[in-house]
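Start at 1 and go down the list; that is how both ligands and their atoms are numbered. Sequential numbering from 1 along the given sequence is applied to the chain's residues.
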Amino acid sequence: MKIAIMGAMPEEIEPLIGQLENVSSSLYASNTYYEGIYKGKEVVVAYSKIGKVFAALTATILIEKFDCDILLFSGVAGAISEELKIGDLIIAEGLCQHDLDITAFGHPYGYVPEGEVCVKTDKHLRQIAKTVAEKKGITLKEGVIATGDQFVADPERKKWIGETFKADALEMEGASVAVVCDALNVPCFILRAISDSADMDASFNFDEFLESSAKVSAGFILSMVEEI
Ligand SMILES: CCCCCCN(CO)Cc1c[nH]c2c(N)ncnc12
């Protein structure tokens with residue numbers, strides 16, 4: 001069992017690297033991949049860089065080149081649901097691409113032929129997350145995460161995404177990771193800690209809370225690795 005742990009930014013994987021034993025790193029396709037052991041389990045950790053294209057590339061490499069059997073994503077996100085406050089955790093039941101649009105042909109937002117609007121994540125891994133959260137007394141929200149190649153800092157855009165996709169949070173990589181895992185038949189789990197509320201204050205809150213929220217997400221992911 002080889003576990004891929006992926007983030008989009010250095011800050012999202014930095015809390016993980018320090019916890020690994022026997023770490024070796026290799027450069028491949030303009031990414032650095034850290035291979036190591038965590039609690040006796042083989043893990044490969046990498047950050048993709050921001051956005052759906054980089055994320056799809058890194059997810060593919062983690063699976064096809066590093067032979068990972070499951071993929072866990074750890075990172076931060078903007079809140080859509082009023083329930084989600086900064087630092088709160090959300091796991092994706094499903095993910096959609098809010099900026100994928102061929103509605104000119106009568107298709108729904110987020111849909112292309114032979115694709116699906118909402119890609120599901122692995123039910124068993126989500127169950128493990130709930131067990132871990134219960135043990136640790138942590139509240140975990142489960143919902144739809146909307147992914148797009150835009151940092152959303154506008155209440156109108158946030159509202160439209162929330163209503164159009166029934167989404168609870170938004171970010172820039174999750175759905176593309178889920179599509180890659182789905183296509184390669186690898187269980188996928190997407191965890192995000194809230195860093196902002198995708199509104200007028202989003203960029204300031206993101207800057208202020210990226211590090212602390214990334215740590216919350218990374219800590220939870222490591223607890224999950226112990227249970228897998
Ligand atoms: C230098 C700026 C890097 C932004 C990267 C943000 N990540 C992308 O996955 C998560 C995220 C946190 N808040 C967001 C928001 N309001 N809109 C989009 N994405 C996010």
Check whether more than 12 heavy atoms from other residues, nucleotides or ligands sit under 6.0 Å from atom OH of Tyr47, and answer yes or no.
-> no
Under 4.0 Å from one or more heavy atoms of Ser195, ligand 1 contributes atoms 12 (C), 13 (N)
min-distance protein heavy atom vs atom 13 (N) of ligand 1 -> Asp196 OD1, 2.6 Å
| field | Flag if over 12 foreign heavy atoms under 6.0 Å of CD, Glu226 | value | yes
query = With a 4.5 Å heavy-atom cut-off, do Thr147 and Val177 have their side chains touching?
reply = no
Checklist entry - Should we count NZ of Lys123 as having more than 12 external heavy atoms under 6.0 Å? => result no
| query | Is there at least one pair of N or O atoms, one from Ala202 and one from ligand 1, spaced under 3.5 Å apart? | reply | no
Check: Met6 and Thr58 side chains under 4.5 Å, non-hydrogen atoms | yes
Report task. Give yes if a backbone or side-chain nitrogen or oxygen of Val152 is under 3.5 Å from a nitrogen or oxygen of ligand 1, and no if not. Result -> yes
A student checking ligand 1 against Glu173 at a 4.0 Å heavy-atom cut-off should list atoms 8 (C), 9 (O)
Contact between ligand 1 and Gly75 is defined here as a heavy atom of the residue under 4.0 Å from a ligand atom; is it met? no
Out of Glu171, Glu11, Glu12, Lys52, the nearest non-hydrogen contact to atom 19 (N) of ligand 1 is supplied by Glu171
Ligand 1 atoms nearer than 4.0 angstrom to some heavy atom of Leu170 are 15 (C), 16 (N), 17 (N), 18 (C)
the protein heavy atom lying closest to atom 14 (C) of ligand 1 turns out to be Phe151 CE1, 3.3 Å
At under 4.0 Å between heavy atoms, what of Ala77 touches ligand 1? The answer is backbone
For this session: Indicate yes or no: does Glu134 engage Lys130 in a salt bridge with an N to O separation below 4.0 Å.
Result: no
Using side-chain heavy atoms (C-beta onward) and a distance below 4.5 Å, is Val144 in contact with Cys96? yes
One finds that the ligand 1 atoms under 4.0 Å from a non-hydrogen atom of Ile50 are 3 (C)
State whether the number of non-hydrogen atoms from other residues, nucleotides or ligands found under 6.0 Å of Glu116 atom CD is greater than 12. yes
re atom 10 (C) of ligand 1, the protein heavy-atom contact at minimum distance is Val76 O, 3.2 Å
Note: ligand 1 atoms sitting under 4.0 Å from heavy atoms of Gly78 are 12 (C), 13 (N), 14 (C)
Atom 6 (C) of ligand 1 sits nearest the protein heavy atom Phe206 CE1, 3.8 Å
CG of Leu100 to CG of Asp149, rounded to nearest 0.5 Å, is 10.5 Å
Are any of the heavy atoms in Arg192 under 4.0 Å away from ligand 1? yes
Sorted by chain and residue number, the side chain to side chain contact (heavy atoms under 4.5 Å, CB included) partners of Leu222 (sequence neighbours excluded) come out as Leu16, Gln19, Tyr38
- Task: State whether the number of non-hydrogen atoms from other residues, nucleotides or ligands found under 6.0 Å of Lys65 atom NZ is greater than 12.
- Result: no
Quick note on ligand 1: atoms under 4.0 Å from a heavy atom of Ala198 include exactly 16 (N)
Under 4.0 Å between heavy atoms, the region of Gln150 that gets near ligand 1 turns out to be backbone
With heavy atoms and a 4.0 Å threshold, my read on which part of Ala8 contacts ligand 1 is neither
